[in-house]
Protein chains: 2
Amino acid sequence: MIYAMDTEELKARARVMRALASPVRLRIIEELRHGERCVCDLQPLFPRNKSTLSRHVAELRHLGVVGERREGVRIYLRLLTPCVLNMFDCAMGVVRVEAKRQAALLE
Amino acid sequence: MIYAMDTEELKARARVMRALASPVRLRIIEELRHGERCVCDLQPLFPRNKSTLSRHVAELRHLGVVGERREGVRIYLRLLTPCVLNMFDCAMGVVRVEAKRQAALLE
DNA sequence: GTATTGTTGCGCAACAATGCAACAATATAT
DNA sequence: ATATATTGTTGCATTGTTGCGCAACAATAC
């Protein structure tokens, strides 16, 4: 039995997952877990050109995971969909399952 | 205040998210939600060369999201970490939030 | 005007997805 | 045992996508 599934919905899901598939963007989200931060607060976390960080932030904003609020010259970011934090528990669960499987192969 | 965060863990999470960031792989997972399937069952879902599907499946297997069981000439796949299904609800939540935001901008 | 904060265009290098063709593994028929 | 069919994998080349730095720009504040 094969089930039907809307292609556009699959693409939409993939876009969201893709936005989260980067250590830099995951680090940003981890930081925003603790409250609002401006981009300049995040900059010291990354040994990267500021343009690169700006693009990572833009990706999260455009996708709707992160919201923004301008205050003078700074732009403050916040997490709009905290449920993404729950995803990480599952992600680490996957990592653990795989680690166990690898360990079992060695016996 | 800036919090510490292990780089390797971030990379591990990103690898899991990356494996899920593909409409093809998400479609495979959706199908496995309903039980075991062999690769040949999945083939008709994709207008792709079988080598391509094989690689997508391999990516999910190597990551530990999907397990395999050989039965004669067929290889049956199953979902090892069903929690990934919960991720999709959140992903669609993100999509809805963004849709609302876009709608609000039009007013 | 200058300083600070963030964005955008451009080019490059690394990576990912795909098809094709050849291959490996199992099952079955002769 | 050899051949043939079915199912899936792997090497290779091509094409497309992503991440990055640099430099120039925009927006706000003073």
Side-chain angles (χ1 to χ4, degrees), chain A residues 2 7 10-29 31-32 36-79 105, chain B residues 2 7-8 10-29 31-32 35-79 105:
Chain A
I2 291 287
T7 306
L10 287 171
K11 284 191 205 160
R13 285 183 191 181
R15 273 195 300 276
V16 175
M17 303 311 278
R18 232 221 126 269
L20 302 177
S22 146
V24 172
R25 295 190 288 275
L26 290 179
R27 183 69 184 83
I28 294 171
I29 290 174
E31 200 54 36
L32 294 181
E36 277 195 344
R37 297 285 187 280
C38 73
V39 182
C40 56
D41 287 333
L42 301 174
Q43 189 65 66
L45 290 173
F46 306 102
R48 304 228 189 294
N49 193 283
K50 61 183 176 165
S51 70
T52 300
L53 177 56
S54 173
R55 273 181 245 264
H56 281 293
V57 168
E59 202 164 336
L60 292 173
R61 279 200 289 107
H62 291 139
L63 210 88
V65 177
V66 158
E68 57 186 328
R69 170 178 71 83
R70 183 148 210 150
E71 193 173 308
V73 81
R74 298 180 171 184
I75 293 181
Y76 282 87
L77 307 171
R78 72 184 182 289
L79 210 50
L105 286 182
Chain B
I2 291 287
T7 307
E8 287 310 310
L10 287 171
K11 283 191 205 160
R13 287 184 190 179
R15 274 195 300 274
V16 175
M17 303 310 277
R18 229 221 129 267
L20 303 177
S22 147
V24 172
R25 293 190 290 274
L26 290 179
R27 183 69 183 84
I28 294 171
I29 291 175
E31 200 54 35
L32 295 182
E36 278 195 342
R37 297 286 186 279
C38 74
V39 182
C40 56
D41 288 333
L42 301 175
Q43 189 65 67
L45 291 173
F46 305 102
R48 307 230 189 294
N49 192 284
K50 61 182 175 164
S51 70
T52 300
L53 176 56
S54 174
R55 275 182 243 266
H56 280 294
V57 167
E59 201 165 335
L60 291 173
R61 280 200 288 106
H62 291 140
L63 209 87
V65 178
V66 158
E68 58 187 326
R69 172 178 70 84
R70 183 148 211 149
E71 193 172 309
V73 82
R74 298 179 171 186
I75 293 181
Y76 282 87
L77 307 172
R78 72 183 183 288
L79 210 48
L105 286 182

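Proteins come first, then strands; the chains are lettered A, B, ... in the order of their sequence lines, and each starts at number 1.
OP1 or OP2 of D:dT9 has at least one side-chain nitrogen or oxygen of B:S54 nearer than 4.0 Å.
With rounding to whole Å, B:R18 atom CZ is found 8 Å from C:dC15 atom C1'. In this entry the distance linking CZ of A:R61 with P of C:dG6 reads 11 Å, nearest Å. Counting to the nearest Å, the P atom of C:dA16 and the CG atom of B:L63 are 13 Å from each other. Atom-to-atom, CD of A:E68 to C1' of D:dA27 comes out at 13 Å; the value is rounded to the nearest Å. To the nearest angstrom, C1' of D:dA29 lies 14 Å from CD1 of A:I75. Atom P of nucleotide D:dT7 and atom CG of B:L77 are separated by 14 Å, given to the nearest angstrom. Rounded to a whole Å, the CG atom of A:N49 is 16 Å from the P atom of C:dG9. Going from atom CZ of B:R27 over to atom P of C:dA17 covers 18 Å, rounded to whole Å.
Here B:R55 lies in heavy-atom contact (under 4.0 Å) with a base.
The nearest heavy atom of DNA chain D to B:R70 and to A:H56 marks one nucleotide each, and the one closer to the 5' end goes with B:R70.
A donor-acceptor contact under 3.5 Å is formed by the side chain of A:S51 with the base of D:dC22.
Ion pair A:E68/A:R78 not flagged as a salt bridge, since none of the NZ, NE, NH1 or NH2 atoms sits closer than 4.0 Å to an Asp/Glu carboxylate oxygen. In this structure, A:E71 pairs ionically with A:R69, as a charged nitrogen and a carboxylate oxygen lie closer than 4.0 Å.
In this structure, the nucleotide among C:dT18, D:dG21, D:dT6 sitting nearest to the side chain of B:V73 is D:dT6.
Every residue two or more places apart in sequence or in another chain was checked for a side-chain hydrogen bond (donor to acceptor under 3.5 Å, both in side chains) with A:T52, and none qualifies.
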Sequence neighbours excluded and cut-off under 3.5 Å, please list the side-chain donor-acceptor pairs for residues 40-48 of chain A, or say none.
residue, atom, partner, partner atom, Å
A:D41, OD2, A:C38, N, 3.2
A:Q43, NE2, A:R48, O, 3.2

